[in-house]
Amino acid sequence: QVQLVQSGGGLVQPGGSLRLSCGISGSIISVHDMGWYRQAPGKQRELVASVLSNGRSRYVDSVKGRFTITRDTAKNAVTLQMNSLKPEDTAVYYCNAEIITEVGQWKPTDYWGQGTQVTVSS
């Protein structure tokens, strides 16, 4: 069974830093896009950062210059370095990956990590 396992998160003061990590386990053929989403209570899920299979990355405007997404293709892993954290960054963060698991499968399947709480507060 393919699984995404997250680590990191926690409580940090405004201006602090946290690093989230996500690795893929199980038998896979290939990985397409990977990214990080977040969801705050009462709000819709938001794509925070993503990195394509070609290595190009993108960020939601609110985190540009503060967050960095890094992909380790050899290890099928992705990290999110979060600096200069703000209270509005508080949310549950989810790792996401588009994965081909079967020979002949042309459209990838979305897989999700278990989620981790990030709380930015004084």
Side-chain angles (χ1 to χ4, degrees):
Q1 292 285 338
V2 175
Q3 292 185 330
L4 272 60
V5 181
Q6 300 179 213
S7 62
L11 174 64
V12 67
Q13 294 183 342
S17 298
L18 287 172
R19 187 182 188 186
L20 307 180
S21 298
C22 176
I24 303 172
S25 65
S27 297
I28 63 175
I29 302 298
S30 62
V31 180
H32 288 226
D33 300 345
M34 301 185 73
W36 290 93
Y37 289 76
R38 67 186 180 188
Q39 187 166 23
K43 297 183 179 180
Q44 293 185 336
R45 184 181 60 188
E46 174 186 43
L47 176 60
V48 179
S50 63
V51 57
L52 307 183
S53 58
N54 62 11
R56 296 181 62 86
S57 60
R58 59 174 292 180
Y59 303 87
V60 67
D61 287 344
S62 60
V63 309
K64 287 182 178 178
R66 301 188 298 119
F67 290 11
T68 302
I69 187 169
T70 303
R71 181 172 182 170
D72 187 335
T73 303
K75 296 182 178 180
N76 291 321
V78 64
T79 65
L80 185 67
Q81 179 66 46
M82 303 181 293
N83 298 326
S84 302
L85 283 162
K86 304 175 180 179
E88 51 263 43
D89 295 318
T90 297
V92 177
Y93 285 70
Y94 296 92
C95 177
N96 169 262
E98 299 178 336
I99 304 173
I100 299 292
T101 61
E102 302 286 346
V103 175
Q105 179 186 353
W106 289 95
K107 296 294 181 65
T109 300
D110 272 341
Y111 287 85
W112 296 89
Q114 77 276 19
T116 184
Q117 178 70 48
V118 171
T119 302
V120 185
S121 176
S122 299

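Distance CG/L20 to CD/Q81: 9.0 Å, rounded to 0.5 Å. Atom-to-atom distance recorded for W36:CH2 and S50:OG is 13.0 Å, nearest 0.5 angstrom. Expressed to the nearest 0.5 Å, how far OH of Y111 lies from CD1 of I24 amounts to 10.0 Å. Atoms OH and CG, on Y37 and N96 in that order, are 5.0 Å from each other to the nearest 0.5 Å. I100 CD1 to I28 CD1: the interatomic distance, rounded to the nearest 0.5 Å, is 10.5 Å. Within the model, atoms CG of L4 and SG of C22 stand 4.0 Å from one another, a figure rounded to the nearest 0.5 Å.
A single hydrophobic cluster is seen to contain both L85 and V60, as judged by linkage of ILVMFWY side chains at heavy-atom distances under 4.5 Å, directly or through other members. Under the 4.5 Å side-chain heavy-atom criterion for ILVMFWY residues, no single connected hydrophobic cluster contains both M34 and V5. A continuous path of Ile, Leu, Val, Met, Phe, Trp and Tyr side chains, each step under 4.5 Å between heavy atoms, connects V12 with F67, placing both in one hydrophobic cluster. One hydrophobic cluster, built from ILVMFWY side chains closer than 4.5 Å, cannot hold both I29 and V2; they sit in different ones.
Judged by distance alone, with hydrogens and angles left aside, the side-chain atoms of T90 form a donor-acceptor pair with the main-chain N or O of V120 at under 3.5 Å. A donor-acceptor pair under 3.5 Å is formed between the side chain of Q6 and the backbone N or O of G115. One N or O on the side chain of Y59 and one on the backbone of I69 form a donor-acceptor pair closer than 3.5 Å. Between the R71 side chain and the L52 main chain, a donor and an acceptor come within less than 3.5 Å of each other. Although no hydrogens or angles enter the test, the distance criterion places no donor-acceptor pair under 3.5 Å between the side chain of Q39 and the main chain of Y94.
Closest of all the heavy-atom pairs between A91 and A40 is CB-N, 3.9 Å. Across every non-hydrogen atom of E46 and S62, the tightest pair is OE2-OG, 4.4 Å.
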Open item on the list: What verdict does the side-chain contact (heavy atoms from CB on, under 4.5 Å) test give for V118 and R38, after you've listed the backbone C-alpha separation in whole Å, the side-chain angles of each residue and the deciding distance to 0.1 Å?
Closed with: CA-CA 9 Å; V118 171; R38 67 186 180 188; over 6 Å; no
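For D110, the side chain to side chain donor-acceptor pair (under 3.5 Å) criterion is met by no residue, not counting sequence neighbours. For E88, there are no salt bridge (charged side-chain N to carboxylate O under 4.0 Å, His left out) partners two or more places apart in sequence or in a different chain.
The existence of a salt bridge linking K86 and D89 is excluded, since no basic side-chain nitrogen approaches an acidic carboxylate oxygen closer than 4.0 Å.
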